[in-house]
**Q** 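Sharing a structure with you now.
Whatever order the structure lists ligands and atoms in, that order sets their numbers, starting from 1.
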Amino acid sequence: MILNRRFHLGAWGYTPRPMSADPLQRLCAAFQQAIMLVLGDSFAGTDPVIRASTKPEHGDFQCNVAMALGKRLDRQPRDLAEELIAAVDLTDLALTPEVAGPGFINIRLNPEAVATAIMDMDTESLGVQKDEAPGIVVIDMCGVNVSKQMHVGHLRSTIIGDAFARILERLGHDVRRENHLGDWGLPIAMVLHLIRTRGIDPVTLSLTDLDAIYRDAQALAKADHAGLVAARAKNVGPHRIAELETQNEAASEFRAAAGETLVVLQSGDSDLVRDWKTLIEITLDAMNEAVELLGVQLNPEDNRGESFYREKLPAVLEWFESRSLCHEDNGAMVVKFPDRKRPLLIRKSDGGFLYATTDLAAVRVRSQETMATQCIYVVDARQRDHFKDIFDAAEIAGWDQTPNGRHVLYSHTGFGSVLGPDRKPLKTRSGETVTLASLLHEAITRGQIEVRRRAEDSNAPTHGLSTKELDTIGRSVGIGAVKYADLANDLVRDYVFDLDRMVAFEGDTGPYLQYAHARIRSIVRKADDNGSGATIILDTPEERQLALTILRWNDTVHATAASLEPHRIAGFLRDLAENFNRFYQACPVIKTADESTRRSRLRLVDITGRVLADGLNLLGIDAPPHM
Ligand code: ARG
């Protein structure tokens, strides 16, 4: 029953897309074809093992498949290599390859073919092709909780979710960002109850106040049953036992009162509903401030919290019950899975519904009403088991198909924690969790300091810009630095929030890429010519290398969308910026006397700049024209 199809991420690998402009992908396809011609259809899909050459005298690429195949078939690799060369069709792509050593195939690309491919992609889309079967994609992101401060986990969810949205939109999908706000349930009712008993008017509260009340409420509701049992067993004395008994009684009274508040709220009591809405507003105001600082597109209609699903929970239970898909367990209702002990609780024995029930209702709406063919949950890695249960239960319920029969791909992108310099979860000096807004303000300040400092140099391209202009750039640098650090590594990995390193213009940073882009813009500005329409000539190895890198763009975007690994785009951009810097050191552009070389190089520079800006944009990072 559990098919695990959702983890099947499409046939991405070295398998080429039909229209790839990337010479590497085209070589793979051509050699795959040749392997089939020589060895038969049973060898379809063999990885042709093509790698970039490490030495220029070996050509641009090497195909190393003959060695492995020779061993497997007990044949001379060199003979096999010759046969593959005779069979492979590299028309317009490469010169006739040569066999070397034990059976390497050295491939030299046809420079005109590379130049033509580059000129072909010099369009508005920069060679990025739309997906063949676009669909509706829901991205569950942000997920703040009403009455609580946004913390760095919500920062990651928002940044990563936004990058996914941009990438999938770029490929033609209809993306819906959804903020699954924690705006319903007992915790909120406890806050409302406490506000009432304290006689506070919620309108007067800030989110910081609310956060404190939230924590008070949690503490008040906390019974220490284990403590009481232990105290009795250890005979600690009547005083301590009485204290614990009082605490436990008070806690259960508090929870009962909050439960009543929830019932009254649920019944639509106008005063309580008004107060509840006020709490949401206070939370959303603070969230919007952070979202705006981040430059993330999250609109009011994207806020679809847990309360949106509250009327739909009984129907979820009913769906499972009427089809005998759930079981009673001590008065509770659970969904069982064939491959593990842990069941999924969907109704408590007291009749209450849970976080999981709400998520099932959301899955149902997303797949059956929104008709999404892909649902991506960007939620921290600690909720992995929860989402595994939800997705498997969705499959059991039949919500892995849209009503018009398309498969729904569910995935959870669990991300790691953000650590402080001590490698422990980020805390302020006084030990509180760091709020998102404070972190972003600090990043912006650091970006602005860095940009102002650099502008003091009379040779800097930013020298003479107004303070306002510099601060705008500094803001892009600070926020870009945070986003890049968040996206440039494997998402499940924890990372250290180190602003010094993140805002540096050198190293594996966002500002390094932004700076490379700005330098390119300044070259084109100085030349007053973007090389438009020039014939591209790739005479030097540096020009070739830069061009080959640019041609990986389309495949990089598709590979990122299929794997949901933004670090692939980050890595590509780093390669691009590095290859650009090598090119720029070796090949004069503006100072080249020969007009056709100069214009060819300008066109290459301009395309490089546009691909850099496109890539940064897909990661949600600004690309300022001056830096
Ligand atoms: N509010 C939740 C939290 O802070 C995140 C919500 C994630 N989305 C979901 N559909 N469960 O942990």
Side-chain angles (χ1 to χ4, degrees), residues 6 137-162 164-165 175-191 207 210-211 214-215 218 279-280 282-284 286-287 290-291 296 298 302-310 312-313 316 344-346 353-370 372 374-394 397 399 408-418 425-426 433-436 491-492 564:
R6 63 181 172 275
V137 181
V138 170
I139 302 187
D140 188 303
M141 56 190 274
C142 188
V144 293
N145 297 314
V146 166
S147 301
K148 282 171 85 178
Q149 292 278 14
M150 265 181 113
H151 57 72
V152 282
H154 299 119
L155 167 81
R156 292 209 74 184
S157 173
T158 307
I159 292 176
I160 298 165
D162 186 53
F164 288 166
V175 176
R176 319 283 172 87
R177 294 163 165 84
E178 281 189 21
N179 180 9
H180 194 82
L181 210 62
D183 63 355
W184 194 252
L186 198 60
I188 312 280
M190 293 191 325
V191 172
L207 187 56
L210 263 183
D211 195 89
Y214 185 98
R215 277 186 269 178
Q218 291 292 322
L279 304 193
I280 296 179
I282 296 169
T283 311
L284 287 184
M287 179 195 89
V291 162
V296 164
L298 197 62
D302 301 330
N303 296 323
R304 184 176 268 197
E306 294 175 12
S307 65
F308 174 85
Y309 299 101
R310 67 182 192 264
K312 304 179 192 291
L313 304 182
V316 166
L344 176 66
L345 190 58
I346 59 173
F353 294 115
L354 304 102
Y355 181 57
T357 326
T358 304
D359 260 325
L360 284 176
V363 153
R364 184 179 190 182
V365 169
R366 290 167 184 180
S367 62
Q368 307 304 301
E369 292 172 26
T370 310
Q374 189 175 5
C375 298
I376 304 169
Y377 292 77
V378 191
V379 188
D380 94 59
R382 284 168 299 187
Q383 295 194 34
R384 184 181 294 125
D385 286 351
H386 167 74
F387 284 109
K388 184 170 170 43
D389 292 351
I390 295 298
F391 300 160
D392 284 346
W399 300 329
V408 188
L409 185 72
Y410 293 103
S411 62
H412 168 219
T413 297
F415 49 80
S417 310
V418 182
L426 206 59
T433 40
V434 176
T435 67
L436 188 56
L491 296 176
V492 294
L564 296 177

**Q** In terms of residue, atom name and distance, what is the protein heavy atom nearest to atom 12 (O) of ligand 1?
**A**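 The answer is Gln383 NE2, 2.9 Å.
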
**Q** Just let me know how Phe387 lines up against ligand 1, side chain, backbone, both or neither, with a heavy-atom cut-off below 4.0 Å.
**A**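 The part of Phe387 near ligand 1 is the side chain, not the backbone.
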
**Q** Using a 4.0 Å cutoff against the non-hydrogen atoms of His154, which atoms of ligand 1 qualify?
**A**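 What qualifies from ligand 1 is 4 (O).
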
**Q** Just do the side-chain contact (heavy atoms from CB on, under 4.5 Å) check on Phe164 and Leu564 with the steps written out, would you?
**A** CA-CA 7 Å; Phe164 288 166; Leu564 296 177; 3.8 Å; yes

**Q** Atom 9 (C) of ligand 1: which protein heavy atom is closest, and how many Å away?
**A**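 Ranked first by proximity to atom 9 (C) of ligand 1 is His180 CD2, 3.3 Å.
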
**Q** Are His154 and Met287 close enough that some pair of their side-chain heavy atoms sits under 4.5 Å apart?
**A**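 A side-chain contact under 4.5 Å is absent here.
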
**Q** Closest heavy-atom contact between Val191 and Ser147?
**A**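 The answer is CG1-OG, 4.0 Å.
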
**Q** Considering only protein heavy atoms, which is closest to atom 8 (N) of ligand 1, and at what distance to one decimal place?
**A**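 Heavy-atom neighbour on the protein nearest atom 8 (N) of ligand 1: Asp140 OD1, 3.0 Å.
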
**Q** Ignoring hydrogens, just give me the one of Val379, Ile390, Asn179, Asn145 whose non-hydrogen atom is nearest atom 7 (C) of ligand 1.
**A**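 Selected option, by shortest heavy-atom distance: Val379.
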
**Q** Check whether any N or O atom of Tyr377, backbone or side chain, sits under 3.5 Å from an N or O atom of ligand 1, and answer yes or no.
**A**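 No - when backbone and side-chain N and O of Tyr377 are compared with those of ligand 1, no distance drops under 3.5 Å.
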
**Q** Looking only at heavy atoms, is any part of Asp380 under 4.0 Å from ligand 1, and if so is it the side chain, the backbone, or both, or is it neither?
**A**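 The answer is neither.
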
**Q** Which residue and non-hydrogen atom of the protein lie closest to atom 6 (C) of ligand 1, and at what distance in Å?
**A**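 Looking only at protein heavy atoms, the one closest to atom 6 (C) of ligand 1 is Tyr355 OH, 3.5 Å.
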
**Q** For Tyr410 and Ala394, work out which heavy atoms get closest and say how close.
**A**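 Answer, listing the atom of Tyr410 first, then Ala394: CE1-CB, 4.2 Å.
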
**Q** Which of the numbered atoms in ligand 1 are under 4.0 angstrom from any heavy atom belonging to Gly143?
**A**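 Near Gly143, meaning under 4.0 Å from one of its heavy atoms, ligand 1 has 1 (N), 2 (C), 3 (C), 4 (O), 5 (C).
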
**Q** Does either side chain, that of Asn179 or that of Asn303, offer a donor lying less than 3.5 Å from an acceptor on the other one?
**A**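 Checked: Asn179/Asn303 side chains pair up, N/O donor to acceptor below 3.5 Å.
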
**Q** Which one of Phe308, Tyr309, Tyr377 satisfies the side chain to side chain contact (heavy atoms under 4.5 Å, CB included) criterion with His180?
**A**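 Testing each of Phe308, Tyr309, Tyr377 against His180, the sole residue satisfying side chain to side chain contact (heavy atoms under 4.5 Å, CB included) is Tyr309.
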
**Q** Shortest non-hydrogen contact from Leu207 to Ala286?
**A**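 What the structure gives for the nearest pair is CD2-CB, 3.4 Å.
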
